[in-house]
Amino acid sequence: MAKKLVIKVTAGADAPERCSQAFTVAAVAVASGVDVSLWLTGESSWFAVPGRAAEFELPHAAPLPDLLDALLAGGRVTLCTQCAARRDLTEKDVIEGVRIAGAQVFVQEALAEDAQALVY
């Protein structure tokens, strides 16, 4: 098993099952002691905004706010720079603990030694 897990989630409410799977895998990995970095891109970018995760609904899935809280407590959550700009989001618009960073940082994390990258 990789010691570091980098997950890029591109789906939001537009593809709820894929979105939920990304958050669930990330939260389970954090709970298992894995160093997790979750990247919010595309439609999942909105979940960096306070209250937006609470609007997400998927039957038989863990509540997205709970998964996001677990990731913020035990891992890293990053909002894509370009995705933030396209949505007019800045650091003052996002949940405390969410950083905004770009492709260079994602590539650096994904190619780090002992890292495994997943894209949902």
Side-chain angles (χ1 to χ4, degrees):
M1 174 189 285
K3 295 179 184 171
K4 300 172 189 164
L5 184 59
V6 181
I7 297 176
K8 179 185 274 195
V9 55
T10 63
D14 59 326
E17 288 184 303
R18 192 162 29 111
C19 176
S20 179
Q21 289 168 0
F23 276 85
T24 300
V25 168
V28 168
V30 164
S32 300
V34 176
D35 179 4
V36 175
S37 179
L38 179 76
W39 283 73
L40 302 173
T41 68
E43 285 304 302
S44 72
S45 299
W46 291 113
F47 298 128
V49 176
R52 281 301 195 62
E55 298 172 6
F56 181 85
E57 292 183 15
L58 181 63
H60 311 291
L64 202 62
D66 294 350
L67 298 173
L68 183 55
D69 287 347
L71 290 162
L72 287 167
R76 283 176 310 287
V77 178
T78 305
L79 171 59
C80 162
T81 302
Q82 290 181 11
C83 299
R86 281 190 281 275
R87 290 159 180 82
D88 294 320
L89 299 175
T90 66
E91 289 183 358
K92 65 183 174 191
D93 298 312
V94 301
I95 298 167
E96 185 175 339
V98 173
R99 70 177 174 169
I100 298 176
Q104 179 184 4
V105 177
F106 175 79
V107 170
Q108 183 179 32
E109 287 185 5
L111 296 178
E113 188 173 334
D114 295 328
Q116 173 69 49
L118 302 174
V119 178
Y120 285 87

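FYI, side chains are in, hydrogens and waters are out, and symmetry mates aren't considered; it's all heavy atoms of this structure.
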Applying the 4.5 Å side-chain criterion to the ILVMFWY set and letting contacts propagate, would [X] and [Y] be lumped into a single cluster?
{"X": "Phe106", "Y": "Phe47", "result": "no"}
{"X": "Val6", "Y": "Leu72", "result": "no"}
{"X": "Leu71", "Y": "Val28", "result": "no"}

Measure across [X] and [Y] and return the closest heavy-atom pair with its distance rounded to 0.1 Å.
{"X": "Ala48", "Y": "Leu79", "answer": "CB-CD2, 4.0 Å"}
{"X": "Lys4", "Y": "Glu113", "answer": "NZ-O, 3.5 Å"}
{"X": "Ala29", "Y": "Leu5", "answer": "CB-CD2, 3.7 Å"}
{"X": "Cys80", "Y": "Cys83", "answer": "SG-SG, 3.1 Å"}
{"X": "Asp93", "Y": "Pro50", "answer": "O-CD, 3.2 Å"}
{"X": "Arg76", "Y": "Asp35", "answer": "NH1-OD1, 2.9 Å"}

Once rounded to the nearest 0.5 Å, what's the spacing between atom [atom1] of [X] and atom [atom2] of [Y]?
{"X": "Cys19", "Y": "Leu64", "atom1": "SG", "atom2": "CG", "result": "5.5 Å"}
{"X": "Ile7", "Y": "Glu109", "atom1": "CD1", "atom2": "CD", "result": "11.5 Å"}
{"X": "Glu96", "Y": "Glu91", "atom1": "CD", "atom2": "CD", "result": "12.0 Å"}
{"X": "Leu67", "Y": "Phe56", "atom1": "CG", "atom2": "CZ", "result": "9.5 Å"}
{"X": "Leu58", "Y": "Gln21", "atom1": "CG", "atom2": "CD", "result": "9.0 Å"}
{"X": "Glu17", "Y": "His60", "atom1": "CD", "atom2": "NE2", "result": "10.5 Å"}

Evaluate the side-chain proximity of [Y] to [X]: yes if any heavy-atom separation is below 4.5 Å, no if none is.
{"X": "Phe23", "Y": "Leu40", "result": "yes"}
{"X": "Val105", "Y": "Trp39", "result": "yes"}
{"X": "Val77", "Y": "Ile95", "result": "no"}
{"X": "Arg99", "Y": "Ser37", "result": "yes"}

Keeping Arg52 on the side-chain end and Ser44 on the backbone end, is there a donor-acceptor pair under 3.5 Å?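 Side chain of Arg52 to backbone of Ser44, a donor-acceptor pair under 3.5 Å: no, none is there.
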Can any side-chain N or O of Thr41 pair as donor or acceptor with the backbone N or O of Val9 at less than 3.5 Å? yes
Applying side-chain contact (heavy atoms from CB on, under 4.5 Å) between Tyr120 and each of Val25, Thr24, Thr10, report the one that passes.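 Only one of Val25, Thr24, Thr10 forms a side-chain contact (heavy atoms from CB on, under 4.5 Å) with Tyr120, namely Val25.
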